[in-house]
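Below is one structure, written out as structure tokens, with a few remarks after it.
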Amino acid sequence: GYLVMVKRTQAWFGGILESKNLKNEGAEKWIRKGSIAIYHEQYWLKLRSHLKDAYPKLSKLIGDEFDEKITLPYFDERPPTSWSLYELGEDLPEWMVGKGPLLWNEVATLDRAFRKAFVSKEFPPMKQMLEGTKLVLQPFVHLLHFRNQPFTHEALDFYMVVYRQGETKWKEIGKEP
């Protein structure tokens, strides 16, 4: 009864918010009144804002054209599939391959590594190492290789590690001109 009706209404409303063009059956009367249009617009503005926040170095590098060059094409091709903002843009670096300069992709990869290092769990320390033990990095440690230095944009092979030690940090571990 009532619970089924609430679930249907929530699914309908969520479908309207996620829709790009507000062409949802039964929504026209609400849109004309402006009720849902406001939520729809705010929903997409929040997603756009969050993507910029999740990729701050990339957003700064691209500047005012970030929405036009990244956000809008990305959402057109890969609309959000989760209600979790943390998962929004998780695959942005992979999506960017071939869609802009290599530097953009590398900076997006760096932004994602910083975000993951900040939130990833920590494995307990090993008490002893037995023969055949496979060593793996902690989930908050990310080894990265770039063709451009991501801070100066200098073209060179650049190796770095992003990790968490109280706070998220990075360290250069090598470069080759």
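Salt-bridge formation is detected for the pair E77/K99: a Lys NZ or Arg NE/NH1/NH2 atom is positioned less than 4.0 Å from an Asp or Glu carboxylate oxygen. Salt bridge status for E94 with R78: absent, with no side-chain N to carboxylate O gap under 4.0 Å.
In this structure, K52 NZ and I62 CD1 are separated by 10.5 Å, a value rounded to the nearest 0.5 Å. Here F151 contributes atom CZ and L110 contributes atom CG; the two are 5.0 Å apart, rounded to the nearest 0.5 Å. Here CG of L72 is found 10.5 Å from CD1 of I70. Values are rounded to the nearest 0.5 Å. Considering CH2 of W170 and CE of M160, their distance stands at 5.0 Å, rounded to 0.5 Å.
Closest non-hydrogen pair, L88 versus R115, comes out as O-NH1, 3.8 Å. Contact record, F123 with K121: CE2-CE, 3.7 Å, taken as the closest heavy-atom pair. Between P139 and S120, the shortest heavy-atom contact is O-OG, 3.4 Å. Annotation for L51 and G89: closest pair CD1-CA, 3.7 Å, computed over non-hydrogen atoms. Between R112 and E90, the closest heavy-atom pair is NH1-O, 2.9 Å.
When side chains are defined from C-beta on, V161 does not count as touching L144, because their heavy atoms never get closer than 4.5 Å. In this structure, H142 and K116 have side chains that are in contact, with non-hydrogen atoms separated by less than 4.5 Å. Between V141 and V162 there is no side-chain heavy-atom pair separated by less than 4.5 Å. With contacts defined as side-chain heavy-atom distances shorter than 4.5 Å, the pair F75/R48 qualifies. Annotation: side chain of L143 is in contact with side chain of I173 (closest heavy-atom distance under 4.5 Å). For the pair E172 and F158, the minimum side-chain heavy-atom distance is below 4.5 Å.
Judged by distance alone, with hydrogens and angles left aside, the side-chain atoms of S49 form no donor-acceptor pair with the main-chain N or O of L45 at under 3.5 Å. In terms of modelled atom types and a separation under 3.5 Å, the side chain of S59 and the main chain of Y55 share no donor-acceptor contact. Judged by distance alone, with hydrogens and angles left aside, the side-chain atoms of H50 form a donor-acceptor pair with the main-chain N or O of L85 at under 3.5 Å. Between the side chain of E106 and the backbone N or O of N148, at least one donor-acceptor pair lies under 3.5 Å. Using modelled atom types, no side-chain atom of Q138 and backbone atom of F140 make a donor-acceptor pair closer than 3.5 Å.
L102 and F146 end up in different hydrophobic clusters when Ile, Leu, Val, Met, Phe, Trp and Tyr side chains are linked at under 4.5 Å. Cluster membership check: Y163 does not share its hydrophobic cluster with F118, using side-chain heavy-atom separations under 4.5 Å among Ile, Leu, Val, Met, Phe, Trp and Tyr.
A cation-pi arrangement, defined by a distance under 6.0 Å to the six-membered ring centre and an angle within 45 degrees of its axis, is absent between R164 and F114. Remark: K46 fails to qualify as a cation-pi partner of W44 under the 6.0 Å distance and 45° angle criteria applied to the six-membered ring.
Around atom NZ of K69, no more than 12 heavy atoms belonging to other residues, nucleotides or ligands sit under 6.0 Å away. Surrounding NZ of K60 are at most 12 heavy atoms belonging to other residues, nucleotides or ligands under 6.0 Å away.
Judged as a salt bridge (charged side-chain N to carboxylate O under 4.0 Å, His left out), and not counting sequence neighbours, E87 has no contacts.
Remark: of the listed residues L58, D111, N105, N105 is the sole one forming a side-chain contact (heavy atoms from CB on, under 4.5 Å) with P93.
Side chains of D67 and Y74: no donor on one and acceptor on the other come within 3.5 Å.
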